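First comes the structure, then the notes that go with it.
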Amino acid sequence: MLSLQEKWRELDRLNNAVLAINFYNFETLSSILKAAKRKQLPVIIQATRKTIQYLGLDVTLGLAKSARKQYEVDAWLHLDHATDLDLIRQCIKGGFDSVMIDASEQPYRENIETTEKVVEMAKPHRVNVEAELGYVAKMGQSREKIRFTQPDEAKIFVEQTGVDALAVAIGSAHGFYDKEPRLDLELLGQIHDATPAALVLHGGSGIPPRQLKKAIKKGIRKINVATEIKNKFIGSLKSELQHTDDIDLRNIFPEAIKEVQHLIEDKLDIVARENS
Ligand code: 13P
């Protein structure tokens, strides 16, 4: 498997992106890997601090590594939205392929300083580092919180920190949208021209495929999707449980796994060009 840094270079040549999907348990992880296998496409599997607390770090690592081997899929393990340097250090040491330091709520200078520390930690292990500049509203926060990424700041930020990937604020937000979001593709193009970092789009749930395709053309290399996964999994379980008294969870979960797999297969079609 290529390193993620090598993958960014390949994606730059192809002008394409990789999907990064959050997993929460074995079931959602297997949905992601089955979809990637079916489509013969690589994928990034993401865990947040909450998922690591839920599963335990050793289980998160062991599960991700053994599952990607079992399904024979190129799948980079990424720590999503970390603010805690200790957790980042543990993940790097444990064998994550990639980490995100999210210091986007800190002022610009402090964001640079915090990010520099993580790059220093990650470099000897050749672990990919993603940071966020500007602000992508978190789940449940008002869209007013979005602070758009400025191209000149992005240029300096990437030069100074040496990050491999940069999450940009161009109009997306975490969680579902009340109305169709409008990505600022012109701004995205300017950020792409200003910096060599792989640009990351957070808040991928609910953005129509045609907008995602345009964003890839303008330089997005990683698209994050989480909310739609949770929503589909729980929605499927709820309806399944209404029609059965079966208590064998091995009979109950497969339908939800399959529905999430199909959702991800559709998302993978967005990047399914010559990207395998
Ligand atoms: P959504 O939950 O809106 O899909 O965003 C996912 C994300 O950006 C994870 O970092």
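All heavy atoms count here, side chains included; hydrogens, waters and symmetry mates do not. Order of listing sets the numbers, starting from 1, for every ligand and every atom in it. Just so it is clear, the structure is predicted and the values come from calculations on it, not from any experiment. If you read the sequence from its start, that first residue is 1, and numbering goes on from there.
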May I have a table of the N/O to N/O pairs between ligand 1 and the protein that fall below 3.5 Å, each row giving the two atom names and the distance to 0.1 Å?
residue  : atom   : partner : partner atom : Å
ligand 1 : 2 (O)  : T227    : N            : 2.9
ligand 1 : 2 (O)  : T227    : OG1          : 2.5
ligand 1 : 3 (O)  : G175    : N            : 2.9
ligand 1 : 4 (O)  : S205    : N            : 3.1
ligand 1 : 4 (O)  : S205    : OG           : 2.5
ligand 1 : 4 (O)  : A226    : N            : 2.9
ligand 1 : 4 (O)  : T227    : N            : 3.4
ligand 1 : 5 (O)  : G203    : N            : 3.2
ligand 1 : 8 (O)  : H174    : NE2          : 3.1
ligand 1 : 8 (O)  : H202    : ND1          : 3.2
ligand 1 : 8 (O)  : G203    : N            : 2.9
ligand 1 : 10 (O) : D80     : OD1          : 3.0
ligand 1 : 10 (O) : D80     : OD2          : 2.8
ligand 1 : 10 (O) : H81     : NE2          : 3.2
ligand 1 : 10 (O) : H202    : ND1          : 3.0
ligand 1 : 10 (O) : N224    : ND2          : 3.1

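Heavy atoms only, all atoms of each residue included: D246 and D248 are closest at OD1-N, 2.8 Å. The two residues T195 and I191 have their closest heavy-atom pair at CG2-O, 2.9 Å. Scanning all heavy atoms of the two residues, the minimum distance from V43 to A36 falls at CG1-CB, 4.0 Å.
Looking at D102, D86, D84 one by one, the single match for salt bridge (Lys or Arg N to Asp or Glu O under 4.0 Å) with R49 turns out to be D84.
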Evaluation steps, side chain to side chain contact (heavy atoms under 4.5 Å, CB included), between N128 and S3:
CA-CA 8 Å; N128 179 77; S3 72; over 6 Å; no
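The aromatic rings of F157 and Y108 lie tilted to each other, with the angle between the two planes from 30° to 60°.
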